[in-house]
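None of these values were measured; they are calculated from a predicted model. Residue numbers start from 1 in every chain, and the chains themselves are labelled A, B, ... in the order their sequence lines are given, proteins ahead of strands.
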There are 2 protein chains.
Amino acid sequence: MAYITDTDALGNAIKAERRRQNITQVELAALSGVGVRFLRELEKGKPGCQIGRAISVMSALGIKLDVITRES
Amino acid sequence: MAYITDTDALGNAIKAERRRQNITQVELAALSGVGVRFLRELEKGKPGCQIGRAISVMSALGIKLDVITRES
DNA sequence: CCATATTAATCCCGAGAGGGATTATTTTAT
DNA sequence: ATAAAATAATCCCTCTCGGGATTAATATGG
């Protein structure tokens, strides 16, 4: 899967994984402890979404984030 | 480098990379197009930081983000 | 040890996030 | 094609983010 260079890519990745797991937005929102509306905006790539909540969602999905520097 | 599981880890990774490149917060903020205060809060792991700006900072640093799912 | 640069912590304020609920639109399945 | 489920788009509201500026604390070096 490609690198995340913007919020659209992040939203798409989250949405794809959610659908792969056959979970609805309502269910994932509940699992993550965020509002459904937040999850929708996150999946749509809204840049203003808060990082902490986004990480909660990814954790609930079992997604891991890797930071790659030139030296890593 | 370790996976990012919370905002503290993300902030630390960003700070470490900035220092490795010998850039000050003021310089990086200018390069990224964000305010210095935002950058400070980001590096300190404030969960409320906005994703879009965070990605701008990472782009300015040349950091790439990879989303890792069980299927990837 | 003192001067300077870098980082951190406030203050005020406007702009926007995010929650819940409702309604509309789209998608999926039968 | 129609019914049901899922997603999207509003509305109102409160709360906090984020910017700039200033002041304090910490780190770096001469």
Worksheet, complete the sentence: From CD of A/Gln25 across to P of C/dT25 the rounded distance in Å is 18 Å
Discussion item. Determine whether a donor-acceptor pair (N or O, by modelled atom type, separation under 3.5 Å) exists between the side chain of A/Gln21 and the backbone of A/Leu61.
Written reply: yes
Item to complete: Could you list by number each residue of residues 38-56 of chain A showing a heavy-atom separation from DNA chain C of less than 4.0 Å, or answer none if no residue does?
Response: A/Phe38, A/Lys46, A/Gly48, A/Cys49, A/Gln50, A/Arg53
Worksheet item: What is the minimum heavy-atom distance between B/Ser56 and B/Ser32, and which atoms define it?
Response: CB-O, 3.8 Å
Fill in: DNA chain C contacts among residues 29-37 of chain B, heavy-atom distance under 4.0 Å
B/Arg37
Practice prompt. Quick one: pull up CG in B/Asn12 and CD in B/Glu43 and give me the separation to the nearest 0.5 Å.
Written response: 9.0 Å
Discussion item. If you compare all heavy atoms of A/Phe38 against all heavy atoms of A/Ala54, which two are closest, and at what distance to 0.1 Å?
Written reply: CZ-N, 3.8 Å
Fill in: For atom CZ of A/Arg19 and atom C1' of D/dA6, their distance in whole Å
9 Å
Item to complete: Hey, could you give me the CG/CG distance between A/Leu65 and B/Asp6, rounded to the nearest 0.5 Å?
Response: 11.0 Å
Discussion item. Is any side-chain heavy atom of B/Gln25 closer than 4.5 Å to one of B/Leu28?
Written reply: no
Worksheet item: What is the distance from CG of A/Asn22 to C1' of C/dT28, rounded to the nearest Å?
Response: 12 Å
Item to complete: Answer yes when A/Glu17 and A/Arg20 have at least one side-chain N-carboxylate O distance shorter than 4.0 Å, and no when they do not.
Response: yes
Item to complete: Give the minimum heavy-atom separation between B/Leu39 and B/Val57, together with the two atoms involved.
Response: CD1-CG1, 3.9 Å
